[in-house]
Amino acid sequence: MEGYADQGTGTDSTDQIGFGAARRARKNRRGLTVFQLKVIGAVALLLSAGSTTIVPLFFGSDTNNMTSLTAMVLSEVASWFAIPIYAWLLVQGFLKTHSRVAYGLQLFALAVVCEVPYDLATSGKTFDLGSQNPVFGLFVAFVVLAALEWVGEHYQKAMKVVFSVLLVVVGLLWDLLLRVGLRQHMMSIGAVTLGFALIFKLMRQYENSMMFTAGLFGAVMMITPGVGVAFVHYDNGRLGYKHSWTKWVFYALYPIILIICAFCAKLA
C-alpha cells in the first residue's frame, strides 16, 4: 500500500517552494505504518466500547455519580480521534484493493457480525435500532465513493455535479436516519466518517490542503477527530506487517472487543 504522498502532484504552494517535497521524503523514512495506525484505532475502539461497560466497573454505573459520568464521557469523546484514521484506511483500501466488490462485501459482513455484540454492549439488548455500529458508516462511505467514481466515469459537467451532490446527500441521510454510530446523542460517527472519506478521496492530490481541510473539519466535529488527523498526517505508506493474515486479526478485533464489553456490561 502506498501513501498519499506518492499519489499527489505537488500543486500546493508549500509543495512548489520545496517544503512539501522535503516533508514527504522525511515521512518515507519515519512516520506511522498501517499496522501502527490500526493499533491506535483499536485502542480507540476499546475506549468507545468500554466507556459505558468497562468504566462503570471501576467508577460505578450510577449516572448521578459525577466521577463515573465524567470518566464515561471522556472515554467516549477521546475515542473519536479514530474516526479520521479509519476513514483514511478506508480510502486507501478503496484505491488499492484488487477487488472492490470483495472489499465492500467484507465491510458489510463485518458490520453485520458486529451488530448484535454492539447492541448488547451499548443497550443491553440483542436488537436495538437506537444506534447501529460504526462499521456500517465505513460501508456507507465505501458505497458513496464507489458511486461517485461511477458517476465521474459516465457523466460530465452539470450532470456530474448534480448526481454527485445527490449521492452525498443520500449517504448522509442514510447515516443520520439509520443512526449509524450515534454516540451519546452528540456524535453521528457514520456522518463524520463519510465527511472525512470524501475529503481524503477528493483532495488526495493536494496533500497540504487536504490535511488542513480534514483538521478543520475534525476540529468542528467535537475537536478530538481533529487530533486523529495528526496521526493520518504521519502515515508513511508502509504496511508494517509481513503476514497477510494480520489484516484478518484486525477484522476480528472489533467484534471481540464488543463481546468482552457486553460481558462487562452485565457485570456492571
Side-chain angles (χ1 to χ4, degrees), residues 31-90 114 117-123 130-138 141 175 179-197 199-200 211 213-235 250 253-265 267-268:
L32 299 170
T33 64
V34 169
F35 177 81
Q36 291 169 324
L37 286 174
K38 288 184 177 181
V39 170
I40 293 170
V43 172
L45 294 178
L46 181 59
L47 281 174
S48 178
S51 63
T52 56
T53 55
I54 298 176
V55 170
L57 289 177
F58 294 95
F59 299 99
S61 57
D62 185 3
T63 54
N64 292 321
N65 181 336
M66 289 305 298
T67 300
S68 177
L69 182 61
T70 300
M72 287 190 284
V73 172
L74 287 179
S75 295
E76 176 62 42
V77 173
S79 72
W80 295 339
F81 73 80
I83 301 175
I85 294 176
Y86 281 107
W88 172 252
L89 293 173
L90 171 74
C114 288
Y118 178 83
D119 288 340
L120 288 172
T122 56
S123 67
S131 176
Q132 315 309 314
N133 78 80
V135 182
F136 278 114
L138 292 173
D175 282 322
R179 301 181 178 183
V180 176
L182 180 64
R183 301 295 293 169
Q184 307 296 346
H185 299 286
M186 295 187 294
M187 170 73 74
S188 173
I189 293 178
V192 179
T193 298
L194 176 59
F196 276 117
I199 292 171
F200 293 145
M211 288 300 172
T213 303
L216 182 61
F217 178 68
V220 172
M221 296 292 114
M222 296 290 190
I223 304 298
T224 50
V227 176
V229 176
F231 291 104
V232 171
H233 176 69
Y234 287 102
D235 171 28
F250 285 103
L253 194 57
Y254 188 42
I256 291 173
I257 288 174
L258 290 173
I259 291 171
I260 293 173
C261 288
F263 178 74
C264 291
L267 295 179

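- Annotation: side chain of Phe196 is in contact with side chain of Phe217 (closest heavy-atom distance under 4.5 Å).
- In this structure, CE in Met211 is found 10.5 Å from OH in Tyr234, a value given to the nearest 0.5 Å.
- Taking Ser123 as the reference, Asp128 meet the side chain to side chain donor-acceptor pair (under 3.5 Å) condition, with sequence neighbours excluded.
- Within the 3.5 Å criterion, the main-chain N or O of Asn65 finds no donor-acceptor partner in the side chain of Ser68.
- You'll find the side chain of Leu32 stays beyond 4.5 Å of the side chain of Asp235, heavy atoms only.
- With Thr224 contributing its side chain and Val77 its backbone, the two residues share a donor-acceptor pair below 3.5 Å.
- To the nearest 0.5 Å, atom CD1 of residue Ile260 and atom CD1 of residue Ile54 are 7.5 Å apart.
- Closest non-hydrogen pair, Gly50 versus Pro56, comes out as O-CD, 4.3 Å.
- Looking at residues two or more places apart in sequence or on another chain, you find no side chain to side chain donor-acceptor pair (under 3.5 Å) involving Thr213.
- A 4.5 Å side-chain heavy-atom check between Ser188 and Arg179 finds every atom pair outside the cut-off.
- How far OH of Tyr118 is from CD of Gln132: 8.0 Å, rounded to the nearest 0.5 Å.
- A 4.5 Å side-chain heavy-atom check between Thr193 and Tyr86 finds every atom pair outside the cut-off.
- Annotation: side chain of Leu253 is not in contact with side chain of Leu45 (no heavy-atom distance under 4.5 Å).
- Contact between Ala121 and Thr53 at its shortest, heavy atoms only, is O-CG2, 3.2 Å.
- Heavy-atom minimum distance, Cys114 versus Pro255: SG-CD, 3.7 Å.
- Ser131 contributes a side-chain N or O that, together with a main-chain N or O of Leu182, makes up a donor-acceptor pair within less than 3.5 Å.
- For the atom pair CG of Leu89 and CZ of Phe200, the computed distance is 9.5 Å after rounding to the nearest 0.5 Å.
- With contacts defined as side-chain heavy-atom distances shorter than 4.5 Å, the pair Leu258/Leu120 does not qualify.
- Ring orientation note: the planes of Phe81 and Phe231 are tilted relative to one another, at an angle of 30° to 60°.
- Between Thr33 and Gln36, some side-chain heavy-atom pair lies under the 4.5 Å cut-off.
- In terms of heavy atoms, Ala87 sits closest to Ala197 at CB-N, 3.9 Å.
- Ala82 and Ala44 make their closest contact through CB-CB, 3.3 Å (heavy atoms, listed as atom of the first residue, atom of the second, distance).
- Between Leu47 and Ala78, the shortest heavy-atom distance links the atoms CD1-CB, 4.4 Å.
- The CZ atom of Phe59 lies 7.5 Å from the OG1 atom of Thr67; values are rounded to the nearest 0.5 Å.
- Rounded to the nearest 0.5 Å, atoms CD1 (Ile256) and SG (Cys261) are 12.0 Å apart.
- Asp175 places no side-chain N or O within donor-acceptor distance of the main-chain N or O of Ile189, the cut-off being under 3.5 Å.
- Among residues two or more places apart in sequence or in another chain, the salt bridge (Lys or Arg N to Asp or Glu O under 4.0 Å) test is passed with Arg183 by Glu76.
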